[in-house]
Amino acid sequence: MPTKAALRTSDVMRQAHARLRRGQLPVDLLDATIGRSWQRCLEHGLTPDSRPELPRLSGGELRDRRDAHRRLIELADPLVRRVADDLRGCQLLLAGPDATVLKSYGRRFVINDRFCIAPGINLDERWFGTNAPALAVIERAPVLVKSSEHLLFPDNPVSCVAAPLFDVGGDCLGLIDLTFAADHPRPEIFLRRVQQLTGALEQQLFRAHYQQRWVLQVHASLAELDGVACGLVAINDTGLILAVDPQAAQWLGREAATLIGQSIEALLGSAWGEMRRQCEGRSALLGLDLAGGQLVGRLNPPEAWQPATLEGEAREGASVSVATKPRSAPEQPLEALVAAWPEALAREARRASRALAAGLPVLLQGETGTGKEQLARALHAGLGGVHGKGGPFVALNCAALPESLIEAELFGYGEGAFTGARKGGYGGRLVQANGGTLLLDEIGDMPLALQARLLRVLQERVVTPLGDHREVPIDCRVIAASHRDLETRVAAGDFREDLFYRLAGVVVELPALSQQHQLAETIRRRWAALCRRHRRELALDEALCERLAAYDWPGNWRELEHCLEVALVGAEPELGCLTLEALSPRWQRKLAGPASAARVAATPASDAGGDQALRDLERAHMRRTLEAHDGNVTAAARALGVSRSTLYRRLGAEP
């Protein structure tokens, strides 16, 4: 029979301390981890009245200890510093595997007039009693120790969470502790944050160890595949599994020990040679029908995979921001984005950036695929979000979820609020976005009943999760986006007028792709970025670039991105320059259409002559290529990616 979860409230803990003073160990009132710790503390002779001296290293001893744990410090220091800058008001500790504090970041808490947690102190349970760093080492798992659960300090002004950091061999390198004010309403946010931090570090260790091997990432969700929650499997060149991290074992539904040494073919059901051929030089997505369900995988060739960092991570935790692969954004992402926009619209985007910084809401309107989320991220990055200064960026697509789930996803829920609710409840996107930015994408599709509740939350700045009576304060900037005209929806009675005016602080109407200036230059930059991503050197033919810039792009950025990437990855390996000839017949027809051809000044075409225009354009380009190679048919054909006989035939000559 499962043990009933303890209620970790201040009232329960007062009862627990009262029973302890009467000589009873109140195991039934305590979380199981805390109960075991209190039992050990009593066996060590500690009581709430104990005031033992904490062992503290001298300056020289601390330098020696740091030198002994240089690998841990060099690995963890950059990420821990970033988190400390993000979570102002908290103290982070980096400790060795014996719970000796090596470094302290952020605010420094003083527990009482005798105890100040600082580098050099050993937090072993034998003299400091119940505390998160000591418990993380003992339990080999992330732990939360709330204020009064510290046995020696019933009136402790702080709570703390800690998680151990393991290397690929399962040895504990050290641990990370996060200490915060005891009255924080959602301590589990910090527990998830420290788990994300150690998860990102363990991925870096995995990559460093298996950098020359194939790495398979697995997760149930494509959106989380590049996050710290994905599982990792290392594979050698012959297809044998070398290592499986704990999260991969969980996703795959198998013990790691049973997988190591096995063939990846037996696990994935596909020929290893074929998978290798598809993934040479680039990563490839895979659908994995495993463990009784569908998983998503990405197979990365040696040295091609980069582990997740905390930027953009954590759509769940303090969303403390679960942005997935590290993004290297331009120094001024907004300016780079609006460079090709009409000046009036670019000016409005800059106005939106200033308004968002002042705490005002922003509404983005535009056709599907015009880059509303891209602009929202650029606005957030302008607050310092790229470097963790602007807090988390959390996005919710209101059209992608069933109506029954939007409310729970946005406002959160308490444990047991409904069938299928996760244990411990869920904070919701509004709480995740605290201190950062919340994007409500496709807000025009939100049901009217939820619009009323959202309006109340935005006005009162508090949210009450489903099945819970607590009011959780929120403080986040709000960006709304919709492909629908919200004013028209208001007039039709499908969108609340009061919510519209609450969201429409500054309204930016994004231009369609075909309305942007200097589109050809934008296409060249995007092509160069795709070539870098896929590690491919392939020139983009200038005539083709002009045709792409002249096309109407009804699917906007999404259609352009798909067209370019498919053309790149599908090009023949020996091709040196991408031309119209190398595109699929479908795209050749699209780019030869009358409307597109009429907009290419260098190549006029009649409304009825789409196919002829394409042939003329191809022939002219082939002649230019042949001239550029001084009449050498073999060299020109190689540059065009066609055979010599095809080149002769298209030019109307015989070989």
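These numbers were taken from a predicted model, which means no experiment stands behind them. Values below: every heavy atom of this structure, side chains too, minus hydrogens, waters and symmetry copies.
When every heavy atom of Leu383 is checked against every heavy atom of Arg477, the shortest pair comes out as CD1-CD, 3.4 Å. Contact record, Leu363 with Ala481: CD1-N, 4.3 Å, taken as the closest heavy-atom pair. Minimum interatomic distance between Gln195 and Thr198 (heavy atoms only, all atoms of both residues): O-OG1, 3.1 Å. Across every non-hydrogen atom of Leu334 and Ala349, the tightest pair is CD2-O, 3.9 Å. Shortest non-hydrogen contact noted between Leu583 and Ala567 is CD2-CB, 3.7 Å. Of all the heavy atoms in Glu509 and Leu345, the pair that sits closest is O-CD2, 3.3 Å.
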* To do: Given side chain to side chain contact (heavy atoms under 4.5 Å, CB included), test Leu458 with Leu454 step by step and report yes or no.
  => CA-CA 6 Å; Leu458 295 178; Leu454 175 62; 4.0 Å; yes
* To do: Starting from the C-alpha separation in whole Å, work towards a yes-or-no answer on side chain to side chain contact (heavy atoms under 4.5 Å, CB included) for Arg496 and Val490.
  => CA-CA 6 Å; Arg496 292 182 63 103; Val490 168; over 6 Å; no
* So Glu188 and Arg186, salt bridge (Lys or Arg N to Asp or Glu O under 4.0 Å) or not? Walk me through it. -> CA-CA 5 Å; Glu188 62 274 13; Arg186 302 285 292 184; 3.0 Å; yes
* Evaluation steps, side chain to side chain contact (heavy atoms under 4.5 Å, CB included), between Arg354 and Arg351 -> CA-CA 5 Å; Arg354 293 190 293 271; Arg351 190 196 313 274; 4.0 Å; yes
* Kindly determine whether Leu410 and Leu450 satisfy side chain to side chain contact (heavy atoms under 4.5 Å, CB included), including the steps that lead there. => CA-CA 10 Å; Leu410 184 59; Leu450 292 189; over 6 Å; no
* To do: Decide salt bridge (Lys or Arg N to Asp or Glu O under 4.0 Å) for Glu367 and Lys372; before the verdict, give the C-alpha distance in whole Å, the side-chain angles of both, and the deciding distance to 0.1 Å.
  => CA-CA 9 Å; Glu367 298 174 11; Lys372 296 185 288 296; over 6 Å; no
* Full working for salt bridge (Lys or Arg N to Asp or Glu O under 4.0 Å) between Arg484 and Glu442 -> CA-CA 8 Å; Arg484 303 179 185 275; Glu442 301 303 352; 5.8 Å; no
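Contact annotation: the side chain of Val362 never approaches that of Val507 to less than 4.5 Å [non-hydrogen atoms, C-beta and beyond]. Residues Arg107 and Thr179 are not in side-chain contact: their nearest non-hydrogen atoms beyond the backbone lie 4.5 Å or more apart. Counting heavy atoms from C-beta on, the side chains of Glu559 and Pro554 come closer than 4.5 Å. For the pair Leu591 and Leu548, the minimum side-chain heavy-atom distance is below 4.5 Å. Side-chain atoms of Leu510 and Leu375, non-hydrogen and from C-beta on, do get closer than 4.5 Å to each other. Side-chain atoms of Pro142 and Leu191, non-hydrogen and from C-beta on, do get closer than 4.5 Å to each other. Between Leu360 and Leu356, every side-chain heavy-atom pair lies at or beyond the 4.5 Å cut-off. Counting heavy atoms from C-beta on, the side chains of Ile479 and Thr437 come closer than 4.5 Å.
Put simply, CZ on Arg489 and CD on Glu497 are 15.0 Å apart, with the number rounded to the nearest 0.5 Å. Taking CZ of Phe393 as the start and CD of Glu373 as the end, the distance is 5.5 Å to the nearest 0.5 Å. One distance of note links CG of Asp485 with OG1 of Thr488; it measures 3.5 Å at 0.5 Å rounding. One distance of note links CE of Met446 with CG of Asp494; it measures 14.5 Å at 0.5 Å rounding. In this structure, CD on Glu561 lies 11.5 Å from CD1 on Ile523, to the nearest 0.5 angstrom. Rounding to the nearest 0.5 Å gives a distance of 7.5 Å between CZ of Phe180 and SG of Cys160.
Using a distance-only test at 3.5 Å, with no hydrogens or angles considered, a donor-acceptor pair links the side chain of Asn434 to the main chain of Pro473. Distance alone, capped at 3.5 Å, is enough to place a donor-acceptor pair between the Gln247 side chain and the Val228 backbone. Here the side chain of Arg429 pairs a donor or acceptor atom with the backbone of Ala395 at under 3.5 angstrom. Not one N or O on the side chain of Arg502 forms a donor-acceptor pair closer than 3.5 Å with the backbone of Arg456. Without hydrogens or angle criteria, Ser159 side chain to Ser147 main chain gives a donor-acceptor distance under 3.5 Å. Panel note: side chain Trp527, backbone Leu538; a donor-acceptor pair is recorded below 3.5 Å. At distances below 3.5 Å, not a single donor-acceptor pair connects side-chain atoms of Gln91 with backbone N or O atoms of Leu178.
Applying the ring-ring contact (aromatic ring centres under 6.0 Å, His included) test to Trp587 and every residue at least two apart in sequence or in another chain returns Tyr551, Trp553. Residues passing the side-chain hydrogen bond (donor to acceptor under 3.5 Å, both in side chains) test with Gln365: none are found, sequence neighbours excluded.
In this pair, Phe190 and His184 present their aromatic rings perpendicular. The plane angle is above 60°, beyond the 30 to 60° band.
Cation-pi geometry between Arg453 and Phe411 is met: under 6.0 angstrom from the ring centre, within 45 degrees of the axis.
Of the options Leu364, Leu396, Asn397, a side-chain contact (heavy atoms from CB on, under 4.5 Å) to Asp441 is made by Asn397 and by none of the others.
No more than 12 heavy atoms of other residues, nucleotides or ligands sit less than 6.0 Å from atom CD of Glu487.
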